[in-house]
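Notes to accompany the following structure.
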Amino acid sequence: MAAGAALITFDKVWKSYGQGEAKVHALAGVDLAIRRGEFVAIMGPSGSGKSTAMNIIGCLDTPTAGTYSFMGIDAGRLDRNRRAMLRNLYVGFVFQGYNLLARTTAAENVELPLIYRGVAARDRRDLAMQALSQVGLVGREHHTPAELSGGQQQRVAIARAIVTRPTLLVADEPTGNLDTARTHEIMELLTQLNTELGLTIAMVTHEADVAGYAERTIRFLDGHVASDSMKLETA
Amino acid sequence: MIWETVRLSLRSIRRNVLRSFLTLLGIVIGVAAVIAMLTIGSGTTEKVKADISKLGSNLLVVRSGRPAGPGGPGGLDQVVRPLAEKDLAALVAHLTGARAISPASQKQVRVIFGTESLTSGVTGTDSAYLDARDWKLVSGRPFSDSETRSGTGVCLIGETVRQQFFGAGDPEGEFIRVNRTSCKIIGLLEPKGYTGFGQDQDNVVLMPLHAYQRRIAGNRDIDNIYIAADDRTPTSELQPRVEDILRDIRRVTPDRESDFAIRDMTQIADAMASATTTMTGMLGAVAGVSLLVGGIGIMNIMLVSVTERTREIGIRLAIGAHEKHILIQFLVEATVLSLLGGIIGILIGLALAGLAAVTLTIPFAPSPAVILLAVGFSALIGMVFGFFPALRGARLDPIDALRHE
Ligand SMILES: Nc1ncnc2c1ncn2[C@@H]1O[C@H](COP(=O)(O)OP(=O)(O)O)[C@@H](O)[C@H]1O
Ligand SMILES: [Mg+2]
């Protein structure tokens with residue numbers, strides 16, 4: 001997939017927690033750029049700052065120091081509600097634990113981001129059905145999460161993430177709770193969304209073969225970028 | 001969007017039916033109490049007003065004894081002089097502007113017929129009494145002048161007395177025992193029902209004053225003199241004339257206060273109505289406290305709900321909900337919850353008031369304004385007490401909220 005202009009730029013980004021002696025630097029001066037249309041895997045040991053970086057990338061969090069710019073906007077200095085608007089318009093989230101609303105049907109879960117966008121009820125239904133068919137869940141729209149398998153729940157979550165046609169998909173260990181077969185199904189789906197829709201994907205994973213689906217792998221270590229490598233395509 | 005939110009909140013209330021119901025109990029009881037009290041109160045007030053018009057709003061009642069207030073010269077040690085027949089005679093002879101003047105002495109007395117007995121209000125009076133009080137006969141005749149003068153043992157009875165002794169039968173011509181004397185029933189009074197304070201106005205026996213004085217009271221006193229003003233004379237004009245005549249005949253010197261009291265029944269009825277209002281107000285305050293308790297219950301349950309749904313809030317915030325969306329969601333939920341309690345409370349309150357109306361024979365007088373106010377007030381309670389929990393939910397950090405178990 002041909003990559004375009006920079007979508008995301010970290011310029012000496014720090015994220016620190018605590019005070020004085022107990023101060024922890026989850027991110028310690030990270031420089032990073034992700035271009036439009038890239039599929040990036042983020043790896044690294046536990047506690048190395050992967051989730052912290054993903055939260056900033058997804059405009060859920062802001063840096064303690066340094067600049068985070070998203071689509072050329074200084075997103076690290078926007079207030080809560082403006083960041084919420086950015087997330088709603090341009091970012092889709094997929095979490096390890098699916099994070100669907102319980103006792104709420106698949107279709108209603110997928111419609112949720114559209115409600116906050118003020119889309120009319122009938123259009124919401126149509127868009128949700130479209131997204132569910134994109135993730136291969138036609139016929140399951142009236143099932144609640146409890147009635148779906150883990151793989152199916154993660155598909156609902158992906159449908160919810162893409163229903164707004166976002167620019168960026170942020171996925172923190174999306175296959176962490178799935179078995180190998182389901183993992184590969186989900187990864188194929190993400191790859192397809194990346195190539196067919198040009199969706200930029202930033203994904204955290206612990207598994208090398210999952211990272212293998214991405215074209216670029218960034219390794220974190222102690223809040224730094226330890227390595228950043230492109231996959232060597234073998235023709 | 002709002003409709004969406006209302007549906008959402010109804011769903012969440014339905015998921016916790018028992019909990020929601022228990023939470024609502026405070027609001028339900030508070031609103032039911034307010035609605036019942038105010039509805040019964042206004043029914044009572046209507047009844048009292050009806051009683052006033054039954055009394056005739058043009059009635060003065062004279063009693064012996066000084067009017068309320070600090071004693072004048074000769075205060076406490078002075079023996080109260082009862083009203084006497086010469087006072088009545090003076091009024092009949094000199095008072096202008098009166099339609100009817102009638103004496104009345106009253107006592108609760110045991111009345112017996114066969115093996116049945118009943119304690120009734122027995123009144124000794126004359127034939128002008130019916131006119132003065134605007135009472136009517138259903139059957140029979142009033143006392144004749146000669147019966148009044150000689151104190152013959154005849155009597156008129158009220159509907160309650162008739163029912164107790166004769167069921168559906170005709171009482172006329174039967175003899176009943178009043179105290180230790182016997183009297184012949186010559187007429188039946190029109191039913192008047194209960195007063196606003198639950199006093200049965202039909203549990204009465206009327207007999208000639210002289211018969212009452214001789215055989216029941218054992219004295220020649222007159223307790224009250226009833227004076228009904230004619231159509232052209234307001235009671236306020238009649239009152240000073242009555243006072244002048246009585247002061248004259250009773251030889252009250254100008255430096256002394258009158259040794260009798262004249263009461264305007266309109267004022268008494270007004271006082272009764274305002275007593276009802278005071279009572280309603282007090283019960284309203286009690287109900288207000290239970291509404292406060294209900295509001296705190298709503299606040300408590302909404303705090304629980306926000307905590308339970310922290311993760312849901314995190315998801316909503318992550319996918320682009322603004323603070324105001326979360327705030328509105330929980331505010332609407334609290335309002336719908338409390339409104340539901342209010343509506344249940346209104347229905348229960350109206351049912352209670354309806355029941356009271358039947359048992360107390362007062363009119364069932366639900367006020368649309370009061371009901372509307374209760375609806376508005378319960379919604380307001382939800383909004384006020386739901387605000388803090390809702391704000392707490394809205395202010396959550398999405399990352400913390402998503403991590404919440
Ligand atoms: N809210 C927080 N408060 C304090 N420390 C935190 C917080 N979030 C993350 N950290 C710390 O920051 C570091 C990086 O965390 P995280 O980004 O979650 O790591 P990873 O996702 O790579 O396992 C860890 O040491 C973690 O303990
Ligand atoms: Mg992590």
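Throughout, a chain's letter reflects where its sequence line sits, starting with A, and its residues are numbered from 1. Here the structure is a predicted model, which means the values were calculated and not measured.
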- Select all residues of residues 393-404 of chain B having any heavy atom within less than 4.5 Å of some heavy atom of chain A, and report them by number, or 'none'. B:A394, B:R395, B:L396, B:D397, B:P398, B:I399, B:L402
- Query: Non-hydrogen atoms of chain B under 4.5 Å away: do they reach the side chain of A:Q96, the backbone, both or neither?
  - Reply: neither
- Message: So for B:L317, is it side chain, backbone, both, or neither that comes closer than 4.5 Å to the heavy atoms of chain A?
- Response: both
- Message: Tell me the closest heavy-atom pair linking B:A321 and A:A84, and the distance in Å.
- Response: O-CB, 3.7 Å
- Query: Should B:R316 and A:L101 count as side-chain neighbours, where that means a heavy-atom distance under 4.5 Å?
  - Reply: yes
- Message: Suppose we screen for side chain to side chain donor-acceptor pair (under 3.5 Å). Which residues come up paired with A:R82, at least two apart in sequence or across chains?
- Response: none
For residues 345-352 of chain B, please give each side-chain donor-acceptor pair under 3.5 Å, one per line with the distance, not counting sequence neighbours.
none

- Item | Interface residues of residues 305-314 of chain B facing chain A - non-hydrogen atoms under 4.5 Å apart | B:R311, B:E312
- Message: Set out, in order, the CA-CA distance, both residues' side-chain angles and the distance that settles side-chain contact (heavy atoms from CB on, under 4.5 Å) for B:R11 and A:T104, then state yes or no.
- Response: CA-CA 10 Å; B:R11 190 196 288 189; A:T104 305; 3.9 Å; yes
- Message: So for atom CZ, which belongs to B:F377, do other residues, nucleotides or ligands contribute more than 12 heavy atoms lying within a distance under 6.0 Å?
- Response: no
- chain B interface, residue from A:T164, A:L100, A:L60 that has the most non-hydrogen pairs under 4.5 Å: A:L60
- Is there a donor-acceptor pair under 3.5 Å between the side chain of A:R160 and the backbone N or O of B:I319? no
- Examine whether an atom of A:A161 lies under 4.5 Å from a heavy atom of chain B, and if so say whether it belongs to the side chain, the backbone or both; otherwise answer neither. neither
- Item | Structural part of A:N55 lying under 4.5 Å from a heavy atom of chain B | side chain
- Task: Tell me, for A:R117 versus chain B, whether the close heavy atoms (under 4.5 Å) come from the side chain, the backbone, both or neither.
- Result: neither
- Bottom line for A:L86: the part with an atom under 4.5 Å from chain B's heavy atoms is neither
- Selection from A:P113, A:C59, A:G58, A:A121 maximising heavy-atom pairs under 4.5 Å formed with chain B: A:P113
- Nearest 0.5 Å please: distance from the CD1 atom of A:I115 over to the OG1 atom of B:T5. 8.0 Å
- Crowded around B:R19 CZ? As in, over 12 foreign heavy atoms under 6.0 Å? yes
- Message: So which atom in A:F93 and which in B:A318 form the shortest heavy-atom distance, rounded to 0.1 Å?
- Response: CE1-O, 3.4 Å
